Amino acid sequence: MVSGNLFHCRKHSWPPEEYVGRATLQLLDFDSAAPPEQAWRRRLNSHANILKEFSVTFMEAIKMKAPIDPFTRISCKPSASQGVPLGGMGSGSISRGFRGEFRQWQIVPGTCEPSPVMANQFSMHCHVLQHDIYGKDWLLNILCSIWLYIFISRDGGNKHYASVLAPGQHEGLGKAGDQGIDSWGWNLSGQHSTYHALFPRAWTIYDGEPDPELKISCRQISPFIPHNYRDSSLPTAVFVYTNSIGGISHLSGDHVNEPFLTARGNPPVTFAVAACETQNVNVTVLPCFGLSEGSCVTAKGMWGTMVQDGQFDRENFKSGPSMPSSPGEALCAAVSASAWVEPHGKCTVAFALAWSSPKVKFLKGSSYHRRYTKFYGTSEGAAQDLVHDALMSMYLWFGCVLYSNEPNIAFRNLDADYKRWEEDIEKWQNPILRDDRLPEWYKFTLFNELYFLVAGGTVWIDSRLPAPDKRNHRNGEKTDVKGTEAEVNLSDGALVKHTTTSDYYSEDESVVNHEGSNSYSQHHPITLLNEENDSDDGGRFLYLEGVEYVMWCTYDVHFYASFALLELFPKIELNIQRDFAKAVLSEDGRKVKFLAEGNTGIRKLRGAVPHDLGTHDPWNEMNAYNIHDTSQWKDLNPKFVLQVYRDFAATGDMSFGVDVWPAVRAAMEYMEQFDRDGDCLIENDGFPDQTYDTWTVHGVSAYCGCLWLAALQAAAAMALQLGDKPFAEYCKGKFLKAKSVFEEKLWNGSYFNYDSGSSSNSKSIQTDQLAGQWYTASSGLPSLFDEAQIKSTLQKIFDFNVMKVKGGRMGAVNGMHPNGKVDETCMQSREIWTGVTYGVAATMILAGMEKEAFTTAEGIFTAGWSEEGYGYWFQTPEAWTMDGHFRSLIYMRPLSIWGMQWALSMPKTVLQAPEINIMDRISISPSAAAISHEFGVRKITNKAKCFGAAVFHCSC
């Protein structure tokens, strides 16, 4: 927990007025138009440097044999140009660069188009007339294509300013011919314009560009709202222009006014853009224009119409659907809104953008409806309803009449608007932003790292999965996945008995004998229900390991990232754990060749936690990762037990605990095979058998061994609270023996050696060696080691792995020799992992080392997010090298910064630990040692599939 004193030398990342003048901030200080002080900033004319990718030696590449080719480069070079993405979670996403370009398109699951589409811009037309000595009247026109351009005529003369509101120098802007977008006015320098980002919102302030007296704020809002499982699923965003532009919006059509099929037969996608018309605002549309010379209306012609007339023909509203485009043809549409602004007046106009791709279809044929269809239906035309509802606050705010050229659109969901979104977002963020104990850089980096939950290829579907064919329809094999018979005795006498024998995804049948009431926890848990329908289980959720590592819910990485979901969307987190719990008790007997060793094995073993939920058919075909046989990995099973217990302790959800308990037991018992010498401690097998999958481990390892100790303690605590006292005794007995062996083999007086082998790096200082202690402390369990040992280890990591790497300005290197030289054993030992750095910083906070924690984590901000860094904002990679070269942009693990926030503000259910140490409450009986022989993993998984509906609601 954070101490009451100022634990870190606070400094502003930049003065509040450095980029935007005080007068402009005061001018925009209404309707949330002015950006908050605690926001990431960048001038629009900042250089978007090309990012440098990591390299490996030829021999390292041969050893890796990875499905990612380290020698092949993509055609669109990644650059330091990203910004806050658009939309909610799980419905496809579009990122918007800090200079205004729309890029990083991820509508189809597992595919990402990084190139910017420069035709998608905002533009504004402005005509200024001298009114009197006190001011001017401004005739302003906002045009969305989606693009913004300005045209200004001053004093009744012919002086014009016309510009797209984005700097013209973009890597995606090439010569497209005179009739294309090169004909537009790309005249904005960006010198006086600034981008401010605080996810899920962003502000662009145009401070006197292109006219010195013009002050404009563009505010971008997306519905990412913690504990709101409805609006957070919506594929829509709102752009609010304030001050020198006016108006609300007229509901218009979509970009092409017809659904269209995406490449390779993927489901249709419909886009919609809208604005609102008032008494003082005129809205016109151009339903269709093209970018080539053969188009009926060209981009140049459209631009010329706006410069000359300031609006489109009102008759365009009657034009109906446009003709479908030909393959490869770019078809565009535009919406224009114009209004007069009184001298010194202020006004606001909003545009809404939405896209509707209701069906998710994976490569091997499985398809599901996205979660937002639960609220908007499965029609591609839902995009129109989405933009309508997003702008409803503007309709209510000005009391105007909302027109529509679609007669069947009804006024509904009046509370589903961006004003309410902003209120909820500010209520969530303000306590952290106003906490004077926290460094400024931490506040906005904490929120901005959440970009991954939108831009990380997320898929969110509703409720349970449809039952697939009970045969393995790929190759005719029967997938022999059966269930479990197990009893869980709750501490108050309740008995839950599961007897399920049907296949994996079919309906549960359970026998429940429940006597008495559950009085397990009287603490206040994390809120699980905070929306209109309390019966909503939150749906099923997938997110990628990274946009380059296309595997869903990679579990060894989710271990780090899951703090964000537990804190903000706990029902999603619990359902991910339920999915993996089912997977533990399943088996897939199909043969797979593992690339690194060249051997063949089966895809999924009973009792083993899968590496991921799959790629081409998630939930049905797991373990897409095939470099190593992950059934032999030593970290996955302990990580499952630790995450389950943390979630169980944090939420106080007894139903969840009962549901997953058979899988927890099976996962623990599966690990017994890796105790080669009977000392109760697992050993690694001389290959990279954990998340560091190029870093070989021999014998007992600090990383996996510590995870195993923590898992033994967590399993014992959970067993005690669920009434499985014999298993609690068994785990405690193993823990006490294993801890003694672990310390004897690895503790060297100041830290734990990398492993117990005799290799050149066996005594290396590993940054992640206390990962098990991190989870132990985060779950309210007793520390694994003495306080002096924990602090000594963390101090060693700080002094060597952090401060000896460019003075602590890059994060923590994974491996460091005790002589102060970086461990060069392999690619991963010499890398700095962003998510691991945040994780060890969280461990430091929990150990009372706040100053060291924030200095450690600040290195990631400095190298990745600051102006002096390498340009990894809104695309934080898995790793970078000592010279700043990245590996795997847009990666899941950096969400572990929320592990720091968890350490700063743990829920009461975790903080209010029992007065008596929970391990001291477990007395070991003589029969405890025989439990493993009586309830082995083969017996517990030989009869059933999931774990039934329990006594509570089960959403599997």
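Below, each value reflects all heavy atoms present in this structure, side chains not excepted, and no hydrogens, waters or symmetry copies. Because the structure is predicted, anything quoted here is derived from the model rather than measured.
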| Can L565 and L453 be said to form a side-chain contact (heavy atoms from CB on, under 4.5 Å), step by step? | CA-CA 9 Å; L565 287 173; L453 290 177; 4.0 Å; yes

| For the residue pair W40 and F861, is the inter-centroid distance of their aromatic rings smaller than 6.0 Å? | no

| message | I'd like to know if the side chain of D389 pairs up with that of Y376 as donor and acceptor (distance under 3.5 Å, no hydrogens or angles considered). | response | yes

| request: For the pair K443 and L433, evaluate side-chain contact (heavy atoms from CB on, under 4.5 Å) and give the outcome as yes or no after the intermediate values. | output: CA-CA 6 Å; K443 295 176 184 180; L433 297 178; 4.0 Å; yes

| Does the R893 side chain pair with the main chain of V836, one donor and one acceptor, at a distance under 3.5 Å? | no

| query | So which of L636, T630, V609 actually passes side chain to side chain contact (heavy atoms under 4.5 Å, CB included) with D556? | reply | L636

| How long is the gap from CD1 on I845 to CH2 on W902, to the nearest 0.5 Å? | 14.0 Å

| remark: For W421 and A390 the tightest heavy-atom approach is CH2-CB, 4.0 Å

| field | N637 side chain to G607 backbone, donor-acceptor under 3.5 Å | value | yes

| said: Determine whether a donor-acceptor pair (N or O, by modelled atom type, separation under 3.5 Å) exists between the side chain of S91 and the backbone of G87. | reply: no

| note | Which of L542, D579, L544 passes side chain to side chain contact (heavy atoms under 4.5 Å, CB included) with C553? Answer is L542

| Rounded distance [0.5 Å steps], CG in L707 versus CH2 in W774 | 10.5 Å

| request: List the atom of S586, the atom of K604, and the distance in Å for their closest heavy-atom pair. | output: O-NZ, 3.1 Å

| task | Take F541 and R371 through the test side-chain contact (heavy atoms from CB on, under 4.5 Å) and record every step on the way to the result. | result | CA-CA 9 Å; F541 190 82; R371 179 170 173 81; over 6 Å; no

| Mind checking what makes side-chain hydrogen bond (donor to acceptor under 3.5 Å, both in side chains) contact with Y555, not counting sequence neighbours? | Q577, Q643

| request: Mark yes or no for whether D462, through its side chain, and K374, through its backbone, hold a donor-acceptor pair below 3.5 Å. | output: no

| message | Working note: R420 + D231, criterion salt bridge (charged side-chain N to carboxylate O under 4.0 Å, His left out); need CA distance, chi angles, decisive distance, verdict. | response | CA-CA 10 Å; R420 182 174 54 81; D231 291 358; 2.6 Å; yes

| query | For P877 and P894, which heavy atoms make the closest approach, and how far apart are they? | reply | O-CG, 3.8 Å

| query | Any chance the side chains of S562 and R646 put a donor and an acceptor closer than 3.5 Å? | reply | yes

| message | Closer than 3.5 angstrom, by distance alone: can the side chain of T615 be matched with the main-chain N or O of V550 as a donor-acceptor pair? | response | yes

| request: For the pair S366 and D617, evaluate side-chain hydrogen bond (donor to acceptor under 3.5 Å, both in side chains) and give the outcome as yes or no after the intermediate values. | output: CA-CA 6 Å; S366 295; D617 196 9; 2.6 Å; yes

| query | Does the ring center of F640 lie less than 6.0 Å from the ring center of Y645? | reply | no

| Is there side-chain contact between F580 and I576, with at least one heavy-atom pair below 4.5 Å? | yes

| message | In the structure I gave you, are the side-chain heavy atoms of S896 and F563 within less than 4.5 Å of one another anywhere? | response | no

| Among all residues two or more places apart in sequence or in another chain, which pass the salt bridge (Lys or Arg N to Asp or Glu O under 4.0 Å) test with D612? | none

| Which residues share a side-chain contact (heavy atoms from CB on, under 4.5 Å) with T776, sequence neighbours left out | A710, Q713, Q773, L781, L784

| request: Take F224 and F569 through the ring-ring contact (aromatic ring centres under 6.0 Å, His included) test and state the conclusion after the steps. | output: CA-CA 11 Å; F224 182 97; F569 297 95; 5.4 Å; yes

| query | Are any of the side-chain heavy atoms of D537 and K571 separated by less than 4.5 Å? | reply | no

| said: Within the 4.5 Å heavy-atom criterion, are M551 and L613 side-chain neighbours or not? | reply: no

| Test salt bridge (Lys or Arg N to Asp or Glu O under 4.0 Å) applied to R201 - qualifying residues, sequence neighbours left out | E422, E426

| said: Does either side chain, that of D724 or that of W661, offer a donor lying less than 3.5 Å from an acceptor on the other one? | reply: yes

| field | Residues which pass side-chain contact (heavy atoms from CB on, under 4.5 Å) with S888, listed by chain and number, not counting sequence neighbours | value | E548, Y549, E878, Y891

| With a 4.5 Å limit on heavy-atom distance, are the side chains of W441 and Q38 in contact? | no

| What heavy-atom pair brings M900 and A853 nearest, and what distance separates the two atoms? | CE-O, 4.5 Å

| said: To the closest 0.5 Å, what do you measure between CG (L574) and CG (L566)? | reply: 7.5 Å

| said: Determine whether Y368 and K359 satisfy the following criterion, side-chain contact (heavy atoms from CB on, under 4.5 Å), listing intermediate values before the conclusion. | reply: CA-CA 6 Å; Y368 312 94; K359 185 174 290 188; over 6 Å; no

| task | Could you tell me whether D435 and R437 have a side-chain N and a carboxylate O separated by less than 4.0 Å? | result | yes

| said: Centroid separation under 6.0 Å, is that true for the rings of F444 and W865? | reply: no

| Any chance the rings of H558 and Y543 have centres within less than 6.0 Å? | yes

| For I897, does its backbone N or O pair with a side-chain atom of Q901 as donor and acceptor, under 3.5 Å? | no

| query | Which value, rounded to the nearest 0.5 Å, describes the distance between S233 atom OG and W460 atom CH2? | reply | 5.5 Å

| message | Between K419 and E423, does any NZ, NE, NH1 or NH2 come within less than 4.0 Å of an OD or OE carboxylate oxygen? | response | no

| query | Counting only N and O atoms by type, is there a donor-acceptor contact under 3.5 Å from the side chain of R230 to the main-chain atoms of F375? | reply | no

| Can the ring centres of F648 and F656 be said to be less than 6.0 Å apart? | no

| Looking only at heavy atoms, what is the nearest atom pair of Y451 and I890, with distance? | OH-CA, 3.4 Å

| query | Backbone N or O of G90 within a donor-acceptor pair of the T458 side chain at under 3.5 Å? | reply | yes

| message | According to side-chain hydrogen bond (donor to acceptor under 3.5 Å, both in side chains), who are the partners of Y703, at least two apart in sequence or on a separate chain? | response | Y560, K639

| task | Working to the nearest 0.5 Å, report the span between CG of L720 and SG of C731. | result | 11.0 Å

| query | Is a donor on one side and an acceptor on the other found under 3.5 Å between the side chain of S232 and the backbone of Y229? | reply | no

| Gap between atom CG of L86 and atom OG of S93 - 0.5 Å precision | 8.5 Å

| Looking only at side chains, do Y625 and E545 share a donor and an acceptor under 3.5 Å apart? | no

| note | Correct closest heavy-atom pair for M668 and A715 would be CG-CB, 4.0 Å

| task | May I ask you to check whether F854 and Y442 place their ring centres under 6.0 Å from each other? | result | yes

| query | Should E573 and R578 count as an ion pair when the cut-off is N to O under 4.0 Å? | reply | no

